[in-house]
S.K.: 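So that we are looking at the same thing, I have put the structure below in structure tokens.
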Amino acid sequence: SWGIFLPFGVLFARFARNLPDALWFKVHRAIQPIAYVVSVVALIIAFVMVGEGGHFQTEWHGQLGLSIVILGFLQVLIAIFRPHKEPNLDPTTVRILFEYCHWWVGRVLIVAGVVNCFAGMLLIGTDTWMIGIIVLAVIVDVFLLVFVGLQIKAIREEGDTRV
């Protein structure tokens with residue numbers, strides 16, 4: 001969820017705004033909540049599998065994961081209660097604050113989520129999971145290359161310097 005689906009939803013929202021019928025928003029609004037629910041289910045499974053006391057108190061992977069899910073809930077609330085953009089009017093101060101908060105909380109969560117994916121795989125520590133780490137590293141690299149490429153394109157074509 002944090003290594004693939006949520007980063008994809010962010011990339012789509014950031015760079016697919018030129019698609020018709022606000023498709024970028026519809027895709028973003030569909031993918032992000034589903035991926036978040038998957039991460040909550042994973043957290044519940046982790047609580048059940050690890051048991052009372054487990055690594056949520058001792059391993060930073062568990063602590064970071066719990067923090068990500070809690071902050072992710074805040075991100076969901078921010079999205080639900082977003083101030084709507086009025087057509088043909090400049091955005092209000094509240095709308096601008098929402099956008100920056102939503103963008104930056106989302107970016108911090110994506111980075112922390114990807115880091116935590118690697119941390120979780122390292123905790124397992126078997127050779128089989130090394131393949132998972134390599135696959136995730138390739139996926140993250142592809143996302144980064146796509147992001148940088150699309151960002152450069154947006155700057156060149158539209159003068160859009162938002163990151």
Side-chain angles (χ1 to χ4, degrees), residues 1-19 23-51 54-82 97-155 160-163:
S1 159
W2 288 98
I4 298 173
F5 296 111
L6 289 162
F8 173 77
V10 169
L11 277 177
F12 204 85
R14 172 67 182 96
F15 297 109
R17 289 182 184 253
N18 58 345
L19 295 177
L23 183 62
W24 72 269
F25 182 72
K26 293 171 184 171
V27 170
H28 182 72
R29 190 174 60 187
I31 290 175
Q32 302 311 83
I34 292 168
Y36 179 73
V37 168
V38 169
S39 73
V40 170
V41 169
L43 180 71
I44 292 167
I45 291 169
F47 271 119
V48 170
M49 289 182 67
V50 171
H55 75 269
F56 290 100
Q57 295 176 1
T58 59
E59 295 289 342
W60 69 270
H61 165 73
Q63 295 164 357
L64 182 58
L66 183 58
S67 299
I68 289 167
V69 171
I70 291 169
L71 193 56
F73 182 70
L74 174 64
Q75 182 74 332
V76 170
L77 287 178
I78 291 169
I80 289 171
F81 295 109
R82 75 188 182 283
L97 288 172
F98 153 75
E99 288 179 354
Y100 281 113
C101 184
H102 188 65
W103 294 339
W104 285 106
V105 169
R107 289 173 177 130
V108 167
L109 283 169
I110 295 297
V111 170
V114 169
V115 166
N116 212 36
C117 288
F118 284 110
M121 288 183 193
L122 290 172
L123 273 176
I124 294 170
T126 63
D127 291 340
T128 305
W129 284 98
M130 199 60 181
I131 295 169
I133 290 172
I134 292 168
V135 168
L136 182 58
V138 168
I139 291 169
V140 168
D141 288 345
V142 168
F143 272 117
L144 286 173
L145 288 172
V146 168
F147 178 83
V148 169
L150 290 172
Q151 185 67 34
I152 291 169
K153 180 180 179 230
I155 290 169
D160 187 351
T161 57
R162 291 179 298 147
V163 175

S.K.: Going by side-chain contact (heavy atoms from CB on, under 4.5 Å), name the residues that satisfy it together with I45, two or more places apart in sequence or in a different chain.
M.R.: V41, M49

S.K.: Output all residues satisfying ring pair (Phe, Tyr, Trp, His ring centres under 6.0 Å) with F143, sequence neighbours left out; order by chain, then residue number.
M.R.: none

S.K.: Do W24 and F15 have side chains that approach each other closer than 4.5 Å (heavy atoms only, starting at C-beta)?
M.R.: no

S.K.: Any pair with a residue in residues 130-141 that passes side-chain hydrogen bond (donor to acceptor under 3.5 Å, both in side chains), sequence neighbours left out, goes on the list, sorted by first then second residue, please.
M.R.: none

S.K.: Report the distance from atom CG of L11 to atom CD1 of I31, rounding to the nearest 0.5 Å.
M.R.: 10.5 Å

S.K.: Using the side-chain contact (heavy atoms from CB on, under 4.5 Å) criterion, which residues pair with L145? Sequence neighbours excluded.
M.R.: none

S.K.: Return the set of residues passing side-chain contact (heavy atoms from CB on, under 4.5 Å) with A42 (not counting sequence neighbours), or none when no residue passes.
M.R.: none

S.K.: Suppose we screen for salt bridge (Lys or Arg N to Asp or Glu O under 4.0 Å). Which residues come up paired with K26, at least two apart in sequence or across chains?
M.R.: none

S.K.: Can you tell me how far the CD1 atom of I34 sits from the CZ atom of R29, to the nearest 0.5 Å?
M.R.: 11.5 Å

S.K.: Apply ring pair (Phe, Tyr, Trp, His ring centres under 6.0 Å) to F98 and list each qualifying residue two or more places apart in sequence or on a separate chain.
M.R.: H102

S.K.: Donor-acceptor check, side chain of R17 to backbone of A13, threshold 3.5 angstrom: yes or no?
M.R.: yes

S.K.: Stepwise, does the side-chain contact (heavy atoms from CB on, under 4.5 Å) test hold for I110 with R107?
M.R.: CA-CA 5 Å; I110 295 297; R107 289 173 177 130; 5.7 Å; no

S.K.: Which side-chain N or O atoms in residues 66-74 pair as donor and acceptor under 3.5 Å with protein atoms at least two apart or in another chain?
M.R.:
| residue | atom | partner | partner atom | Å |
| --- | --- | --- | --- | --- |
| S67 | OG | Q63 | O | 2.9 |

S.K.: Please list all pairs meeting side-chain hydrogen bond (donor to acceptor under 3.5 Å, both in side chains) that have one or both residues in residues 111-125, counting only residues at least two apart or in different chains.
M.R.: H61-N116

S.K.: Under the side-chain contact (heavy atoms from CB on, under 4.5 Å) test, which residues partner L19, sequence neighbours left out?
M.R.: F12, A16, L23

S.K.: Report all side-chain donor-acceptor pairs from residues 1-10 shorter than 3.5 Å, counting only partners two or more places apart or in another chain.
M.R.:
| residue | atom | partner | partner atom | Å |
| --- | --- | --- | --- | --- |
| S1 | OG | A35 | O | 2.6 |
| W2 | NE1 | S39 | OG | 3.4 |

S.K.: To the nearest 0.5 angstrom, please state how far the CG atom of L150 sits from the CZ atom of R14.
M.R.: 9.0 Å

